[in-house]
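Computed from heavy atoms alone, side chains included, the values below leave out hydrogens, waters and symmetry copies. Starting from 1, each residue takes its place in the sequence as its number.
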Amino acid sequence: QVQLVESGGGLVQAGGSLRLSCAASGRTFSTAAMGWFRQAPGKEREFVTAISWRGGRSYYADSVKGRFTISRDNAKNTMYLQMNDLKPEDTAVYYCAASYTGGQLTRSREYAYWGQGTQVTVSS
């Protein structure tokens, strides 16, 4: 089992920044690929970004490329999402997730463990 807890969400004006954190406990964090997904009201959950277990590879949705940066600190069992130049369309609940399958990290079904989510609201 892996327990994931997100933090760092909040209300920010368009153009502003937020840094989300995902703290992991339980099963070995350093061997898990990690991802961030988000779900806006009335919409399906969508992929945002993911990072390999060593942190050497990262993947981004086109909508966040150049604005968001994913990183991880395996010594602290924590993953981060730096979000810059936020837009109202980034408003959503953001979820972190852990994958041990070695599959395609853009697919939510590759992730067996999920956090409870943290709300990000961007005002115009």
Interatomic spacing from [atom1] in [X] to [atom2] in [Y] - rounded to 0.5 Å:
X      : Y      : atom1 : atom2 : answer
Ser58  : Leu105 : OG    : CG    : 10.5 Å
Thr49  : Lys65  : OG1   : NZ    : 10.0 Å
Ser99  : Ile51  : OG    : CD1   : 13.5 Å
Ile70  : Met34  : CD1   : CE    : 8.0 Å
Met83  : Phe68  : CE    : CZ    : 5.0 Å
Gln104 : Arg109 : CD    : CZ    : 8.0 Å

query = Is NZ or CZ of Arg72 both nearer than 6.0 Å to the six-membered ring centre of Trp53 and within 45° of the ring axis?
reply =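 Relative to the ring axis of Trp53, which defines the angle, Arg72 lies outside at least one limit.
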Closest heavy-atom contact between [X] and [Y]?
X      : Y      : value
Ala14  : Pro88  : CB-CD, 4.1 Å
Ala32  : Tyr100 : CB-CZ, 3.4 Å
Leu4   : Ala24  : CD2-CB, 3.6 Å
Asp90  : Asp85  : OD2-O, 4.4 Å
Tyr111 : Ala33  : CE2-O, 4.3 Å

ask   = Between Leu18 and Val120, does a side-chain contact (heavy atoms from CB on, under 4.5 Å) hold up when you go through it step by step?
value = CA-CA 9 Å; Leu18 281 175; Val120 172; 3.9 Å; yes
Side chain to side chain donor-acceptor pair (under 3.5 Å) pairs, two or more places apart, involving residues 6-22 =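 Matches after skipping sequence neighbours: Ser17-Asn84.
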query = Under the ring pair (Phe, Tyr, Trp, His ring centres under 6.0 Å) test, which residues partner Phe47, sequence neighbours left out?
reply =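 Ring pair (Phe, Tyr, Trp, His ring centres under 6.0 Å) list for Phe47, sorted by chain: Phe37.
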inquiry  = Please enumerate all residues that pass ring pair (Phe, Tyr, Trp, His ring centres under 6.0 Å) together with Phe29, with sequence neighbours excluded.
reply    =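 Counting only residues at least two positions away or on another chain, Phe29 forms no ring pair (Phe, Tyr, Trp, His ring centres under 6.0 Å).
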inquiry  = More than 12 heavy atoms of other residues, nucleotides or ligands under 6.0 Å from CZ of Arg107: yes or no?
reply    =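 Yes - once you tally the heavy atoms of other residues, nucleotides and ligands closer than 6.0 Å, there are more than 12.
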inquiry  = How about CD on Gln116, more than 12 heavy atoms from neighbouring residues, nucleotides or ligands closer than 6.0 Å, or not?
reply    =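 Result for CD/Gln116: open.
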ask   = Do any N or O atoms from the side chain of Thr78 and from the backbone of Lys76 form a donor-acceptor pair under 3.5 angstrom?
value =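 Confirmed, Thr78 side chain pairs with Lys76 backbone.
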inquiry  = Once disulfide (SG to SG under 2.5 Å) is applied, what residue pairs with a partner in residues 60-111 remain, sequence neighbours excluded?
reply    =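 Found Cys22-Cys96.
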key: Candidate pair Arg38 and Ser63, rule side-chain contact (heavy atoms from CB on, under 4.5 Å), full reasoning   = CA-CA 12 Å; Arg38 67 186 182 186; Ser63 59; 3.5 Å; yes
side-chain contact (heavy atoms from CB on, under 4.5 Å) between Tyr60 and Thr69, worked out = CA-CA 9 Å; Tyr60 294 92; Thr69 303; 3.9 Å; yes
request  = Would you sort out whether Gln119 and Thr121 count as a side-chain contact (heavy atoms from CB on, under 4.5 Å), showing the intermediate values?
outcome  = CA-CA 6 Å; Gln119 177 70 47; Thr121 303; 3.3 Å; yes
ask   = Strictly by modelled atom types, are Glu110 and Thr101 linked by a side-chain donor-acceptor pair under 3.5 Å?
value =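 Yes, side-chain donor-acceptor contact under 3.5 Å.
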ask   = Under 4.5 Å between any side-chain heavy atoms of Val93 and Thr118, yes or no?
value =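 No, side chains not in contact.
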request  = Applying salt bridge (charged side-chain N to carboxylate O under 4.0 Å, His left out), name anything that partners Glu89, two or more places apart in sequence or on another chain.
outcome  =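 Listed in chain order: nothing, the list is empty.
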request  = Determine which pairs satisfy ring pair (Phe, Tyr, Trp, His ring centres under 6.0 Å) with at least one residue from residues 75-95, sequence neighbours left out, and list them in order.
outcome  =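 Applying ring pair (Phe, Tyr, Trp, His ring centres under 6.0 Å) to every pair that reaches into residues 75-95, excluding sequence neighbours, yields nothing.
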key: Hydrophobic cluster identity match, Met79 and Val2, side-chain contacts under 4.5 Å   =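 Yes; Val2 is reachable from Met79 via cluster members.
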